[in-house]
Amino acid sequence: MRERFQSEGSSSADSKQPISHDNPSQPPTKAPPPHRSPFVWLTLFVAIVYSSWTVYHYQYLSLPLPLTADQAGKRGFSEVQALNHVRALTELGPHSVGSDALNHAVQYVLSASEEIKKTAHWEVDVEVELFNAKSGANIMTGGLFNGKTLVYSDLDHVIVRISPKYVSQARENAILVSSHIDTVFSTGGAGDCSSCVAVMLELARGVSQWAHGFKHSVIILFNTGEEEGLNGAHSFITQHPWSKTVRMAIDLEAMGIGGKSTIFQAGPNPWAIENFALVAKYPSGQIISQDLFSSGVIKSATDFQVYKELAGLSGLDFAYTDNSAVYHTKNDKVELLKPGSLQHLGENMLAFLLQIARSSDLSKSSAVEAEENAGQNRAIYFDILGTYMIVFRQHFSNLLNNSVIMQSLLIWVTSLIVGGFPAAISLALSSLSIILTWIFAVGLAVLVAFTLPFLSSSPTPYIASPWLVFGLFAAPALVGALIGQYIGYLILQKYLSKVYSKRRQLSPIIQADVVKFDAERWLYKAGSVQWLVLLILGNYYKIGSTYLALVWLVPPAFAYGLLEATLSPARLPRPLKLATLVMGLVVPILLSAGNFIRLVDTLIATWVRFDRNPGSTPEWLGNVIVATFIAVVMCLTLVYLLSYVHLSGVKRVTILSSCLLLALSLAVVKLEIVPPFTEHISRTVNVVHVVDTTGKQDPISFVSMFSATPGKLTKEVEQINEGFVCGRNNVVDFVTFSVKYGCWTQNDTEGGWSKSELPLLNIDSDTQGKKRITQVVIDTRFSTRWTLAINFKEIEDFALKDAGSSDELVPVGGKSSVDGWHTIQFSGGQKAPTKFVLTLFWQESSSRSAEAVDGKKHDLQLLKLRTDINRLTPKVDRVLSKLPRWCSPFGKSTSPHTLAFLSSLPVDF
């Protein structure tokens, strides 16, 4: 590196020793031609794009062949057999908590488990239990649970324990494999998570033929209540005696349908992921997914959070993430489940269970000790093309990162000292070109993003056709990157001309060529500075995916040092070699290209459910985020390649081609040649019959239609033709969220419900002593799924009891709030209670009885209640039957069912 700076014209020492044409001992001053063939750069660009897509294909899309029962054998895993379970469960339709369909699903799993017990190896003991969880409360404070109390009752789980008969201590140390049977009300759940249940049933069958050689037992938990807030996992951990024997937890989930089941959470103890990497046939897992999930960027939670935080267990969390736009919609169906998806997870899991169930180290893998040394013990993991997994610990990552950082800084500082002032200015100007690249690339991509809502009926017209983003955002980002770096290149070239002009022995022609070569090299080196900065930041904050910065820094720098600085015979700068780029980019593309493409695909899919409070998100926001992310990825990954473009004469062709691609993509969007949504990639549209008694003498009945997908509902309303009026002047507060933009109608909404279903909030007592205490009787009538928001600006704490049994459901203490409200979410089976006593402990000084909104006084609410009934009223049934095929209801734990009753209690009651 020291030789590099001295040899590229940035050192004042070079000007002190003139280069003579007559001195044969000195290198020749004749520079190579300053232009390279445009075909070379274009070929290299196409090769990089093709290689990146190939890496993505092998890493995420390549699946094993499904095996039949005969091919798998008695001790293997058969996707064909597992797929029969998926079909049987999805044929029941949506099976949410409290529904008859869920009871049927539980009975199916129970029967299948009993069959496994009958066919188990004679030296294996299989215990099958139908466990009914009593009432309980989940009061975790992390992530989505902040400000919430999740209460449940009457949940049925199927639990299978597989143990070797003649190992006396096997039952004392168990491995838990868990997933959920229940679905949300809007889908049959082929992916989420009938596929997981099917894999577990087939695993149980296979393990029952191997377990006679185990040292530990395997507990397989088919729980219910996960979709209502991880209640199934919570009830097992807190109520079932077998939970005390669990030493490791493995959770199977789905955030899409099919594809490769990828590890997206591991630890805290790295023992599990290290053993998985040793034996998995098709390992798939990325620490970058764990970083995103733990950061809160992904607004979701899995049962693994309960096992990790509440039970203190280590383990692995798997998820299907293909086609995640169908998540919790009608399109989560068997037809979209890719062949090989179940085989991939099943074979990996079977090999993993056989490995750890025979190990003597299982009892050492709990999370407690790992949490104490989390900074050093955490595992950094990633797979290579889905065939091999790299795992190393945080302390090794720290040593490696610190070593590379120190060496890089030492080389740069030494080189700048030797190169003097010209080298420092050249570095600053080449870094400026990087900044300009980012500004122009992001700026042009975002500009296009802002225009899309004006061109299309949907603000995000590429959800059903993700390939459109290459023309809509990648093309302008490439144009911007070229323009930005070229401006920086010209500024740098101008400065280097002044430096080389002091070398009076160089002819003007040679000097002009040498300046171009030197500027090209400085741009290449500035790319390594960009990644060095990211490496330093990632290492400081202990971000696991910092390894990506390492692989984008070291190989290109090594290739440059080997082929440009060490092996270059001439002292004057020469053009960058093609081999330098090829050698420098092979490893980074291999280890990161698939991840970047996958992140873009997942990001696009999330926009179908992005607007958590419908109408609160600007229509352009989703486009801006996608465009910015694509532009940032391009600036980061093309930084070395772009430095190669300025001598090729291909800038104009590239810019014109990119502009043409952008124009064609905009035309496709404008003319709707490809629709924004399709029958299989739907827009989320919920239709709810609302009966509102909030602050009213008589209930108001209307049907509300809203969408978590940004954009207006004009086309949908026109096709339905049921008298809907859309706008922002009728905000509906569903307690867990508010509809800021939606459509509503009161036409023909008096049928399908009765006043006997209206929930009641009655004051039982109100003590005005030193500490004000109020008791409220809550009667949810026929609803076993309800949500209550408590005003924590007025209330300090509360307790909740079952009015029938007087059992305490939620004790005093340990509450938090979000925006001044604490929310209770209750869900239960058909035998769950419907009458409760809520005891409120007031703040020492109550604030006010009314608040001003838009200059008018409105009653301040103390309690807000929503009760849900999973029933179609005639009006809702008619609207749903007319819903366009590109639309689908969307369910989650905070969503109302198709019939919702709203009630409230004012502060000044």
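What's counted below: heavy atoms across the whole structure, side chains too, no hydrogens, waters or symmetry copies. Throughout, numbering of the chain's residues begins at 1 and tracks the sequence.
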Would you mind reporting whether N595 and Y60 have side-chain heavy atoms less than 4.5 Å apart?
yes
For the residue pair W522 and W412, does the interplanar ring angle fall in the parallel (under 30°), tilted (30 to 60°) or perpendicular (over 60°) class?
tilted
Under a 3.5 Å distance rule, please check whether N623 uses its side chain to pair with a backbone N or O of P459 as donor and acceptor.
yes
What is the distance from atom NZ of K577 to atom OH of Y644, rounded to the nearest 0.5 Å?
10.5 Å
Where the side chain of W438 meets the backbone of A631, is there a donor-acceptor pair that is under 3.5 Å apart?
no
Under 4.0 Å between a side-chain nitrogen and a carboxylate oxygen: does that hold for E274 and R393?
yes
Using side-chain contact (heavy atoms from CB on, under 4.5 Å) as the criterion, list what pairs up with T637, not counting sequence neighbours.
W552, F596, V633
Between the side chain of R378 and the main-chain N/O of A266, is any donor-acceptor distance below 3.5 Å?
no
Would you please classify the geometry between the Y547 ring and the F382 ring as parallel, tilted or perpendicular, with 30° and 60° separating the classes?
parallel
Taking it one step at a time, do W467 and F470 satisfy ring pair (Phe, Tyr, Trp, His ring centres under 6.0 Å)?
CA-CA 6 Å; W467 51 266; F470 290 102; 9.0 Å; no
Under the 3.5 angstrom rule, does the side chain of W607 hit a backbone N or O of L603 as a donor-acceptor pair?
yes
With L660 via side-chain contact (heavy atoms from CB on, under 4.5 Å) - residues at least two apart:
L664
Please work out whether the ring planes of Y56 and W53 are parallel, tilted or perpendicular, with thresholds of 30° and 60°.
tilted
Applying the side chain to side chain contact (heavy atoms under 4.5 Å, CB included) criterion to S415, which one of I411, V418, V413, I417 satisfies it?
I411
